[in-house]
Amino acid sequence: MTSQPSARPTSTGRPIAIAALAGLIACAAALQFTGAADKLQLLDPGATVRWGLPLATMLFELSIALTVGLLLLGGLLMPEGAKTARRFRVGRYAAWSALSWAFFGVVSVVLGYADDAGVRVGSSGFWTGVWRWTWQLELLRNPAITALVGLAIAIACFAGAGRDGQAWLFFGALVSLWPLALVGHAAGSNDHDAAVNSLAFHLLGVALWVGGLLAILLMWPRLGKGAPDVVARFSAIATWCYAIVGLSGLLNAWIRLGGFGGLDSRYSVIALAKVAALLALGVLGWFQRHRVVDRLRVDSSSKTGRAAFGRLAALEGLVMVVAIGLGAALSRSQPPVSGQSPLQKTDIAFSLTDFPTPAPLVTSSWFAAWRVEWLFTAVAVIALGVYLHWVWRLHRRGDKWPVARTVWWICGWACFVYFVDGAPAIYGHVVFSMHMLMHMGVSMLVPICLVRGGIVTLAMRALPKRSDGTLGPREILLAVMHSRIFGFFANPVIAATLSFGTLIAFYYSPWFYLSLTTHTGHVLMVTHFMITGYVYAYSLVGIDPGPKRWAPPIRMLVLLIAIAFHAFFGVAMMTGTTLLAPDFFSVLHLSWVPNPLVDQQRAGTVAWGAGEFPTFMFAMLIASEWYRSDRAAGERAERQAARDGDAELNAYNDYLAARARAEATGSRTTERD
């Protein structure tokens, strides 16, 4: 049985309670300093709402972080011994934490309605108004949705989710952070998309970092000999989180402060206090990673090492929760840059898309037009960095990796960045034909390059294998690639149907309008067509391990059918006389796009023409594989013939000779008769 420290289990929650109290104090002090606790509007909801809303928001976010950390610990980091019940206990902790998440989410929604409506809690018609407006106002609806996710996670954890279940719940909890980014205290800024993306990364990093550390503190006396591995694994995650939180926080603050000019405000003082907390956490994390972790690896039962980790982790948790409290206070405070941009009233494109109308499209625009889309650009940079790091890891240990695959991967993400940051994205927000070009590039050209990069094969060689029953990146990738779900969708027929079927569903449904006018719709569009395009490309020309791939002739047949379908879609759009998304394109009135219907028909030409090059690439890659497989089969036959004296050919010739003799005998018998 795994040895346990002598510390009492009942004391494990004390550091978290102290940290929560410190966060509440920091939040209250920041509210008082910025004046956010004073009356902010003509209809005063009362001191209960003014003070209670930011405090409830802080506890709401802290509960989410703790739940995420516990599910990360139980699903991915913590080993389970033959006679231990750590994962069961983590599941129970996560259930109560998720229940707290749901409760404080509801409280924040109720107080948020009172704040927006300027009414006191419990006044006449209050609860009817809460129910009615919660599902109509995004500011209330999104936290309510996240609270419902917390309730669902609590139910699943109380039902006894095991390792795989907790891993699935962990990823679900991370996705539930997206609605909060859409209504955060930076989401209403002039640069809406950058604010939402930076806040989404910030929430993700904070939830993993703070929640993971608090979860380890909570389970520390029960980790036993698994403590060094848990701490080392979390330390790697914390390093990534530190970079994500720092960079996203700086971008978010820059947007809200409006540059250096906003540094003379009280809002900036609290923001700088958060920066100071981040720097302090960096110092503590360095000591944790380079001093304590190494000591624990040498001797996991060392009382000195365990005590040092406990002290540093408790101090880190305290600083983290104080930073969360400061952030909750900032969400209630008035930043230097707020309110609607003047372009909302003067630029119809800005009022619809949150982007100003671009200059007329000229030849130089294809190269000079550039606007960073932080979410997808960050994904591309991380994907490139991780891939090159893995290649370097193989190189350091003397293994080789094909240069061509690295080139494919770099080209794929370079094309992706151009399509989401360059002219196709900028003009694609207001011009149908450019939108179609961006769509075709993301869904057809980029996936071909990525699947030829062989990322899964590289990961299998570069990532260490875990032998303690926990799920690491390598184990998750293998599970996904060999799962029945991926096997079903990686069927070439299913993949082609999904890819091109949703193409029609997208343009001939309200989803197209939402992708043009909302950030969430745009993100879902790019994500969906990247994934479906990747699966389709994998089913035809993939090189990574996974479901058994069909023979090249059958894949070529599927490709030919898909070409015909794609051409039919392009022709249908080229000859169409009904404007798609008319509420959008008919009100833009761009001087350099005089007829939106003509531009839509031009988009059909783009859909047809832009698909030709990727299709040609598919055909060449399949034909090359077909040629290589036939050549390999021929070479195997020649080697076999050399070994056995061409026994197969001789046997076939003897068979033909026997048939000939039998036929000759039969014909002579017939002539005599």
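Reckoned from all heavy atoms, side chains included, excluding hydrogens, waters and symmetry mates.
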Self-check item: S499 (side chain) donor-acceptor with A495 (main chain) under 3.5 angstrom
Solution: no
Quiz item: Between R466 (side chain) and L471 (backbone), is there a donor-acceptor pair under 3.5 Å?
Solution: yes
Practice problem: Quick one: sort the Y538 and Y534 rings into parallel, tilted or perpendicular, breaks at 30° and 60°. | Solution: parallel
Quiz prompt | Single hit among R163, E80, R233 for side-chain hydrogen bond (donor to acceptor under 3.5 Å, both in side chains) with T470 | solution = R233
Exercise. May I ask you to decide if A232's main-chain N or O and S235's side chain share a donor-acceptor pair within less than 3.5 Å?
Key: no
Quiz item: Side chain of T67, backbone of A98: donor and acceptor closer than 3.5 Å?
Solution: yes
Quiz item: Which pair of heavy atoms, one from G412 and one from C449, lies closest together, and at what distance?
Solution: CA-CB, 3.4 Å
Quiz item: Taking all non-hydrogen atoms of both residues, which atom of G205 and which atom of V245 are closest, and how far apart?
Solution: C-CG2, 3.5 Å
Self-check item: Any donor-acceptor N/O pair, R549 side chain to G542 backbone, under 3.5 Å
Solution: yes
Quiz prompt | Heavy-atom donor-acceptor pair, Q166 side chain to R87 backbone, under 3.5 Å | solution = yes
Quiz prompt | Minimum side-chain heavy-atom gap L559-I622 below 4.5 Å | solution = yes
Quiz prompt | Non-hydrogen atoms of A215 and L73 that approach each other most closely | solution = O-CD2, 3.8 Å
Self-check item: Geometric class of the W511/F506 ring pair [parallel <30°, tilted 30-60°, perpendicular >60°]
Solution: perpendicular
Quiz item: Does L394 offer a backbone N or O that forms a donor-acceptor pair with the side chain of D399 under 3.5 Å?
Solution: no
Quiz item: Is a donor on one side and an acceptor on the other found under 3.5 Å between the side chain of Q600 and the backbone of L580?
Solution: yes
Quiz item: Measuring from T502:OG1 to M525:CE, what's the distance to the nearest 0.5 Å?
Solution: 12.0 Å
Quiz item: Quick one: which of W413, W409, W401 gives a side-chain hydrogen bond (donor to acceptor under 3.5 Å, both in side chains) with Y387?
Solution: W401
Practice problem: May I have the step-by-step check of ring pair (Phe, Tyr, Trp, His ring centres under 6.0 Å) for W392 and H389, ending in yes or no? | Solution: CA-CA 5 Å; W392 176 247; H389 174 69; 9.2 Å; no
Exercise. Give, for atom OG1 of T353 and atom NE2 of H522, the distance between the pair rounded to the nearest 0.5 Å.
Key: 11.0 Å
Quiz item: For the atom pair CG (L540) and CZ (F618), what is the distance rounded to the nearest 0.5 Å?
Solution: 5.5 Å
Quiz item: Any donor and acceptor pair, going by atom type alone, linking the side chain of E475 with main-chain N or O of K465 inside 3.5 Å?
Solution: no
Quiz item: If you round to the nearest 0.5 Å, how far is CD1 of I531 from OG of S443?
Solution: 13.0 Å
Quiz item: How about W178 and N142: do any of their side-chain heavy atoms sit closer than 4.5 Å?
Solution: no
Quiz item: Mind checking whether F432 and F585 have parallel, tilted or perpendicular rings, split at 30° and 60°?
Solution: parallel
Quiz item: Looking only at heavy atoms, which two atoms of H429 and F584 are closest? And how far apart?
Solution: O-CZ, 3.0 Å
Quiz prompt | Side-chain donor-acceptor pair present, T457, R405, cut-off under 3.5 Å | solution = no
Quiz item: Yes or no on ring pair (Phe, Tyr, Trp, His ring centres under 6.0 Å) for Y536 and F500, after CA distance, side-chain angles and deciding distance?
Solution: CA-CA 10 Å; Y536 174 64; F500 295 109; 5.5 Å; yes
Quiz prompt | Spacing of CD1 belonging to I410 relative to CG belonging to L388, to within rounding of 0.5 Å | solution = 5.0 Å
Quiz prompt | R555 side chain vs W550 backbone, donor-acceptor pair below 3.5 Å | solution = yes
Practice problem: Please assess L223 against I216 for the test side chain to side chain contact (heavy atoms under 4.5 Å, CB included), listing each intermediate value before the final yes or no. | Solution: CA-CA 8 Å; L223 290 181; I216 292 176; 4.3 Å; yes
Quiz item: Looking at F512 and S515, what are the two nearest heavy atoms and their distance?
Solution: O-OG, 2.7 Å
